[in-house]
Amino acid sequence: MGQPLITLALSVYNVEPYLRQSLETIVNQTYQNLEILCIDDCSKDKTYDILLEYQQKDSRVKVVKQTKNQGLSMSRNLAIEIAQGEYIIMLDGDDLFALDMVEKAYKTVVETDADLVMWDYCAFYKDEDLPRLLRKSSDLIGFDTTNKIALLKRPAFIWVKLIRMQVLRDLSVHFPEGYTKQDIPVWWHLVTTLNKIAVLPERLSYYRQNPFNTSSRKDKSVYSLAYVMDITGENLRRNGLYDTYKDFYLYKRLSLLQGMYDYIKPELQLEAMRMIRERFDDDAIAYIKSSVCALSKRTILFYKGYLMDNMFAKLQYNGILLARSIYRKFKGV
């Protein structure tokens with residue numbers, strides 16, 4: 001065909017209601033030289049049966065079933081290990097994709113000689129909302145890919161990225177196992193070590209929102225925010241890049257830790273606070289006191305009030321929370 005093999009690695013778990021629709025947007029891609037690698041994480045519904053059905057109809061579809069449920073990270077890591085393509089896109093089985101997504105991503109690779117191409121997405125609840133959402137211009141128009149901090153500010157979602165397989169293997173890219181938000185350390189690893197990143201300013205992935213998404217849960221899985229940022233910091237130090245990205249790393253880490261405490265169920269906040277105290281080190285204190293601190297006022301008040309024993313800051317922070325609670329009750333949120 002004259003075009004390189006590209007692996008679409010689809011990780012699935014109990015996505016029976018959405019899987020057929022998702023697969024239709026994959027098998028009907030305008031770019032045809034694909035390996036469609038479907039990894040089922042031991043689903044309990046008919047997800048696996050649907051995958052086998054598509055495997056029988058399309059020789060490009062290869063189905064792998066995990067022997068036990070091991071989580072999304074294990075599926076991603078397995079895909080990196082066994083994928084045959086020169087490039088890979090890692091997808092989730094409840095999302096939808098523009099039919100020319102792969103074609104446009106590969107065209108961008110050819111034009112830029114990039115190791116990684118990133119495109120835009122839109123989040124949706126109902127299929128009928130997509131036409132309206134897709135009329136909105138991409139946030140990536142005019143994006144400067146040489147600005148690594150700007151890249152790090154983008155969502156870490158791995159499913160909006162076409163990546164050269166050899167790069168992932170040479171860098172020993174590994175999704176941390178047992179956590180949600182496992183894209184974060186991987187995205188930081190790639191951004192801080194790669195120099196050939198290109199942007200495709202179009203919304204080509206459609207992110208389905210449903211109550212079962214890991215991003216919507218408020219249980220102990222939210223603790224993952226602390227652990228994945230630990231791993232991100234360890235990677236920066238291992239690669240000699242901690243000082244280069246120190247200020248933004250501290251901003252991101254402190255923001256996510258405060259967000260973890262604010263978002264998690266009230267009965268889990270005590271443990272969340274313990275985890276935050278363990279990570280509130282001298283670097284964090286110095287950053288909060290520095291002129292480069294970019295944290296929101298509320299986040300600064302949280303740390304000054306609850307971790308630096310400033311009673312006035314604690315009163316201000318609690319006042320903000322009370323006002324927010326009253327507003328939400330009034331609005332019925």
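Residue pairs meeting the side-chain hydrogen bond (donor to acceptor under 3.5 Å, both in side chains) criterion with at least one member in residues 160-172, sequence neighbours excluded: Y87-R164, D115-R164, Q166-D170. Within the structure, salt bridge (charged side-chain N to carboxylate O under 4.0 Å, His left out) pairs that include any residue of residues 232-244 do not occur (at least two apart or interchain). Here salt bridge (charged side-chain N to carboxylate O under 4.0 Å, His left out) pairs that include residues 298-314, with residues two or more places apart or in two chains, are D262-R298. For residues 54-64, every residue pair satisfying the salt bridge (charged side-chain N to carboxylate O under 4.0 Å, His left out) rule, not counting sequence neighbours, is listed here: E35-K62, E53-K57, D58-R60.
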Apply side chain to side chain contact (heavy atoms under 4.5 Å, CB included) to E271 and L268, showing your working.
CA-CA 6 Å; E271 175 63 12; L268 300 176; 5.7 Å; no

After noting the C-alpha distance and the side-chain angles of Y227 and M275, does the key distance pass the side chain to side chain contact (heavy atoms under 4.5 Å, CB included) rule?
CA-CA 10 Å; Y227 296 121; M275 295 172 66; 3.7 Å; yes

Would R274 and E278 satisfy salt bridge (charged side-chain N to carboxylate O under 4.0 Å, His left out), going step by step from the backbone distance to the final call?
CA-CA 6 Å; R274 184 194 66 77; E278 288 180 349; 2.2 Å; yes

Applying salt bridge (charged side-chain N to carboxylate O under 4.0 Å, His left out), run through R253 and D230 and close with a yes or a no.
CA-CA 8 Å; R253 186 187 199 191; D230 291 346; 2.8 Å; yes

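The distance from atom CG of D41 to atom CG of N69, rounded to the nearest 0.5 Å, is 4.0 Å. With rounding to the nearest 0.5 angstrom, the CH2 atom of W187 is 10.5 Å from the CG atom of D183.
With 3.5 Å as the limit, one finds no donor-acceptor pair spanning the side chains of T232 and N235. Between the side chains of E103 and T30, at least one donor-acceptor pair of N or O atoms lies under 3.5 Å. A donor atom on one side chain and an acceptor atom on the other are found under 3.5 Å apart for S296 and T299. A donor-acceptor contact under 3.5 angstrom links the side chains of E24 and Y54, judged on distance only.
The same ILVMFWY cluster, assembled from side-chain heavy atoms under 4.5 Å apart, contains both L301 and Y263. Taking hydrophobic clusters as Ile, Leu, Val, Met, Phe, Trp and Tyr residues chained together by side-chain heavy-atom distances below 4.5 Å, Y249 shares a cluster with I149. Note on L307 and M260: same hydrophobic cluster, where clusters join Ile, Leu, Val, Met, Phe, Trp and Tyr whose side-chain heavy atoms are under 4.5 Å apart, directly or indirectly.
Q182 places a side-chain N or O within 3.5 Å of a backbone atom of Y179 that can act as its donor or acceptor partner. A donor-acceptor pair is defined here as one N or O able to donate and one able to accept, closer than 3.5 Å; no such pair exists between the side chain of W159 and the backbone of L10. Panel note: side chain D144, backbone T146; a donor-acceptor pair is recorded below 3.5 Å. Side chain of Q70 to backbone of Q66: no donor-acceptor contact under 3.5 angstrom is found. Remark: the backbone N or O of N14 is paired with a side-chain donor or acceptor of S43 at under 3.5 angstrom. Of the possible donor and acceptor atoms, one in the side chain of D45 sits under 3.5 Å from a partner among the backbone N and O of E16. Checking side-chain atoms of S73 against main-chain N and O of P176 turns up a donor-acceptor pair under 3.5 Å.
The shortest side-chain heavy-atom distance between F175 and M90 falls under the 4.5 Å cut-off. Residues D94 and L19 fail the side-chain proximity criterion, which asks for heavy atoms closer than 4.5 Å. In this structure the side chain of T7 never reaches within 4.5 angstrom of the side chain of L34, judged on heavy atoms. Between Y245 and N239 the shortest side-chain heavy-atom distance does not fall below 4.5 Å. Side-chain contact check for I89 versus L91: some heavy-atom pair is nearer than 4.5 Å.
Applying the under-4.5 Å side-chain rule to Ile, Leu, Val, Met, Phe, Trp and Tyr, the cluster around I39 extends to L37, V64, L78, I82. Members clustered with Y13: none, using a 4.5 Å side-chain heavy-atom cutoff among hydrophobic residues.
Classified by interplanar angle (parallel below 30°, tilted 30° to 60°, perpendicular above 60°), the ring pair W188/F248 is parallel.
Y261 is linked by a ring pair (Phe, Tyr, Trp, His ring centres under 6.0 Å) to F302, counting only residues two or more places apart in sequence or in another chain. D100 pairs by the salt bridge (Lys or Arg N to Asp or Glu O under 4.0 Å) definition with K104, not counting sequence neighbours. Applying the salt bridge (Lys or Arg N to Asp or Glu O under 4.0 Å) test to D92 and every residue at least two apart in sequence or in another chain returns R76. The side chain to side chain contact (heavy atoms under 4.5 Å, CB included) test applied to F312 returns N310, Q316, not counting sequence neighbours. Qualifying salt bridge (Lys or Arg N to Asp or Glu O under 4.0 Å) partners for K265, counting only residues two or more places apart in sequence or in other chains: none.
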Side-chain polar contacts of residues 127-135 - donor-acceptor pairs under 3.5 angstrom, sequence neighbours left out - could you list them?
residue, atom, partner, partner atom, Å
D127, OD2, Q21, NE2, 2.8

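For the side-chain contact (heavy atoms from CB on, under 4.5 Å) with L116, the lone residue among L168, I163, L162 that qualifies is I163.
With ring centers used as reference points, Y206 lies 6.0 Å or more from F97. In this structure, the ring of Y207 has its center no less than 6.0 angstrom from the ring center of F124. For Y251 and Y287, the ring centers are positioned 6.0 Å apart or more.
Counting non-hydrogen atoms of other residues, nucleotides and ligands closer than 6.0 Å to CG of L270 gives a total of 12 or fewer. K220 NZ: 12 or fewer foreign heavy atoms inside a 6.0 Å radius.
Using a 4.0 Å cut-off between a side-chain N of Lys or Arg and a carboxylate O of Asp or Glu, R203 and D139 qualify as a salt bridge.
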